[in-house]
Number of protein chains: 2
Amino acid sequence: MPSLPSGLLGDLDPTSDRAVFRQIADQLREAIDRGRFKEGEKLPSEAELVEHYGVSRMTVRNSFSVLQGEGLVHAEHGKGVFVRPRPPVRRLASDRFARRHREQGKSAFIVEADAAGSHPQVDSLEVKEEKASQDVSNRLGSVRRVLARRRRYLLDGRPVEFATSYLPLDIARGTPIAEPNPGPGGIYARLEELGHRLDHFEEEIRARMPSPDEVRTLRLASGVPVIHLIRTAFDQEGRAVEVCDTVMAADAYVLSYQLPAT
Amino acid sequence: MPSLPSGLLGDLDPTSDRAVFRQIADQLREAIDRGRFKEGEKLPSEAELVEHYGVSRMTVRNSFSVLQGEGLVHAEHGKGVFVRPRPPVRRLASDRFARRHREQGKSAFIVEADAAGSHPQVDSLEVKEEKASQDVSNRLGSVRRVLARRRRYLLDGRPVEFATSYLPLDIARGTPIAEPNPGPGGIYARLEELGHRLDHFEEEIRARMPSPDEVRTLRLASGVPVIHLIRTAFDQEGRAVEVCDTVMAADAYVLSYQLPAT
DNA sequence: CTTGCCCACTCGTCTATACGAGTAAGCGTG
DNA sequence: CACGCTTACTCGTATAGACGAGTGGGCAAG
């Protein structure tokens with residue numbers, strides 16, 4: 001086994017109160033922060049660190065699991081442990097639903113991704129009528145059944161977002177909104193054509209760790225939280241006409257809002 | 001040792017491909033989701049699970065670490081492993097900086113927390129001049145040095161947010177803004193008095209796992225991400241007059257924005 | 001009754017070992 | 001040359017054991 005380049009990592013301090021696996025994690029973290037290990041680069045293998053520090057393998061693995069929990073590194077079976085590369089982020093601006101962005105034939109996601117030079121995809125399209133959850137029902141004003149439109153967004157093959165739109169049946173049933181492809185400008189354009197002129201949106205934002213389901217759907221690395229965004233669209237009569245529930249890989253997004261100082 | 005109530009948790013499936021520690025984590029997760037273990041309640045001890053499943057202790061600990069990473073449970077040394085209670089959340093509305101909220105003597109944080117029946121505190125107050133980071137300098141329009149105002153917010157003794165405001169020296173030096181207590185209405189009120197009538201704010205939102213520093217400052221449990229919010233305040237001349245960098249415990253916040261449909 | 005100690009139970013850290021399984025490169029065979 | 005096998009290296013899973021340290025209840029001494 002090739003031994004570690006000396007100087008890359010320090011020694012342990014046996015007099016320290018700090019647990020050994022934490023000391024090792026600290027040294028690796030610092031080396032990563034200082035750029036000694038670059039994005040996507042392979043860290044020393046478990047065996048190398050075992051030898052370098054003179055500890056058991058479980059201790060080294062424990063260190064790695066700390067860094068994984070921080071989202072700094074990820075392990076690949078059979079290959080090694082790598083510094084997690086920061087993916088390109090998608091910026092969501094607060095004017096992204098402005099009418100002027102709705103004129104084109106393609107969806108905002110596609111247009112924007114093309115402009116950014118990445119390859120966008122939308123899949124897992126599902127459109128069906130179903131019972132409204134309590135939360136959705138409350139937001140839409142006590143409806144019992146809704147039209148649900150589910151879809152998953154991918155950038156360069158990587159899933160980044162999973163979204164479900166809920167619409168009251170009396171608005172959506174039998175309209176293009178109930179079709180897999182609602183046509184140019186998306187469902188907001190259709191809603192306006194149907195006489196529901198949009199007035200404003202409300203967005204609620206939370207961040208949390210993903211459920212196992214979300215880990216699978218978004219193929220999330222460990223240590224990556226999700227941003228959970230719930231948007232409600234209101235028409236000019238003040239009626240909630242759509243609720244969109246979106247779960248985004250947090251490392252792929254920056255949300256941006258503009259607030260008046262009123 | 002008291003044995004586990006039967007029926008609470010199932011058995012392992014030795015034919016399954018799924019790793020044993022994942023099966024155990026799955027069963028515990030499901031029991032929590034079903035409300036068999038309530039918020040704040042103690043899970044079976046490691047020893048009890050070792051006996052129940054007939055596995056080694058490290059395997060049980062591995063299961064717990066999965067659930068910890070998901071933010072579902074937290075361990076307390078000497079006591080046990082508990083279902084993590086959902087703390088009361090603080091809702092931040094997009095009109096929270098409206099002038100009408102600025103009239104009172106107390107800060108928005110204090111007023112709001114009092115209204116919600118919780119006990120608010122602000123500490124770690126630090127006000128000093130320092131070199132602007134590259135990012136802050138860019139946002140403020142190439143300033144070299146800034147006034148930095150740091151403070152930590154607590155609710156019922158629990159730290160929930162750590163914020164730093166940066167202001168250009170030519171605006172803030174020698175004004176009440178450079179005092180620990182800037183007076184009624186906060187620094188936004190002072191900025192307006194100084195002739196910088198505020199026009200709008202820009203907020204950038206990210207979510208990520210906390211750094212070890214942030215874990216300490218916010219006393220974060222493992223499996224709790226942070227929301228990182230960077231707000232820039234612009235005056236009516238279009239000049240950026242303040243940048244506020246805020247790190248929030250994600251389990252304590254819901255952000256809420258209102259967007260025009262324009 | 002109060003104080004202080006002990007003990008049982010809890011999780012935290014660490015060692016040593018074993019086998020399984022994914023990866024990639026080298027090497028030999030056809 | 002192309003294919004498939006072997007092999008070495010990687011991380012994944014699991015066992016068994018040891019000691020440390022925080023917590024809280026019970027018990028004994030004062």
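Lettering follows sequence order; numbering is per chain, from 1.
Rounding to whole angstrom units, CZ of residue A/Phe64 and P of D/dT10 are separated by 11 Å. Spacing between atom CD of B/Glu51 and atom P of C/dC9 amounts to 12 Å, rounded to whole angstrom units. Taking atom CD1 of residue B/Ile24 and atom C1' of nucleotide D/dT13, one finds them 12 Å apart after rounding to whole Å. The nearest whole Å value for the distance from the CG atom in B/Asp17 to the C1' atom in C/dG20 is 12 Å. Between B/Glu41 atom CD and C/dT10 atom P there is a gap of 16 Å when expressed in whole angstrom units. Taking atom NE2 on B/His74 and atom P on C/dG12, their separation rounds to 11 Å, with Å as the unit. One interatomic measurement links the two molecules: CD of B/Glu46 to C1' of C/dT13, which rounds to 12 Å at whole-angstrom precision. The CZ atom of B/Arg61 sits 17 Å away from the P atom of D/dT13 (whole-angstrom rounding).
Residues of residues 209-225 of chain A that place a heavy atom closer than 4.0 Å to DNA chain D do not occur.
Scanning both residues, A/Pro120 and A/Asp114, for their nearest heavy atoms gives CD-OD1, 3.6 Å. Across every non-hydrogen atom of A/Pro159 and A/Arg219, the tightest pair is CD-NH2, 3.4 Å. In plain terms, the two heavy atoms of A/Ala207 and B/Ala250 that are nearest each other are O-CB, 3.4 Å. For A/Leu125 against A/Arg151, the heavy-atom pair with the smallest separation is CD1-CB, 3.6 Å.
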Next on the checklist: As a quick check of understanding, evaluate side-chain contact (heavy atoms from CB on, under 4.5 Å) for B/Glu129 and B/Leu147, giving each step before the final call.
Outcome noted: CA-CA 4 Å; B/Glu129 299 187 4; B/Leu147 181 79; 4.1 Å; yes

Item to check | CA sep, side-chain torsions, deciding dist, call: B/Arg139, B/Asp135, salt bridge (Lys or Arg N to Asp or Glu O under 4.0 Å) | outcome: CA-CA 6 Å; B/Arg139 291 176 196 269; B/Asp135 182 63; 2.9 Å; yes

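By the 30° and 60° cut-offs, the orientation of the rings of A/Tyr257 relative to B/Tyr257 is parallel.
The existence of a salt bridge linking A/Glu30 and A/Arg36 is excluded, since no basic side-chain nitrogen approaches an acidic carboxylate oxygen closer than 4.0 Å. Under 4.0 Å is where a charged nitrogen must lie from a carboxylate oxygen, and between A/Asp33 and A/Arg29 no such pair does. A salt bridge links A/Arg158 with A/Asp251; the closest basic N to acidic carboxylate O contact falls under 4.0 Å.
In this structure, A/Tyr253 has no ring pair (Phe, Tyr, Trp, His ring centres under 6.0 Å) partners at least two apart in sequence or on a different chain. Listed by chain and number, the residues in a ring pair (Phe, Tyr, Trp, His ring centres under 6.0 Å) with A/Tyr153 are A/Phe109 (sequence neighbours excluded).
No side-chain donor-acceptor contact under 3.5 Å links B/Ser165 and B/Arg231.
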Checklist entry - Could you spell out the base pairing of DNA chain D in dot-bracket, with Watson-Crick or G-U pairs whose two distances are under 3.5 Å, [ ] crossing and | to another strand? => result ||||||||||||||||||||||||||||||

Pairs under 3.5 angstrom, nitrogen or oxygen only, protein versus nucleotides 3-8 of chain C, please.
none

Checklist entry - Where along nucleotides 14-24 of chain D does protein come under 4.0 Å, by heavy atom, of base (B) or sugar-phosphate alone (S), with - for untouched nucleotides? => result BBB-B-BBBSS

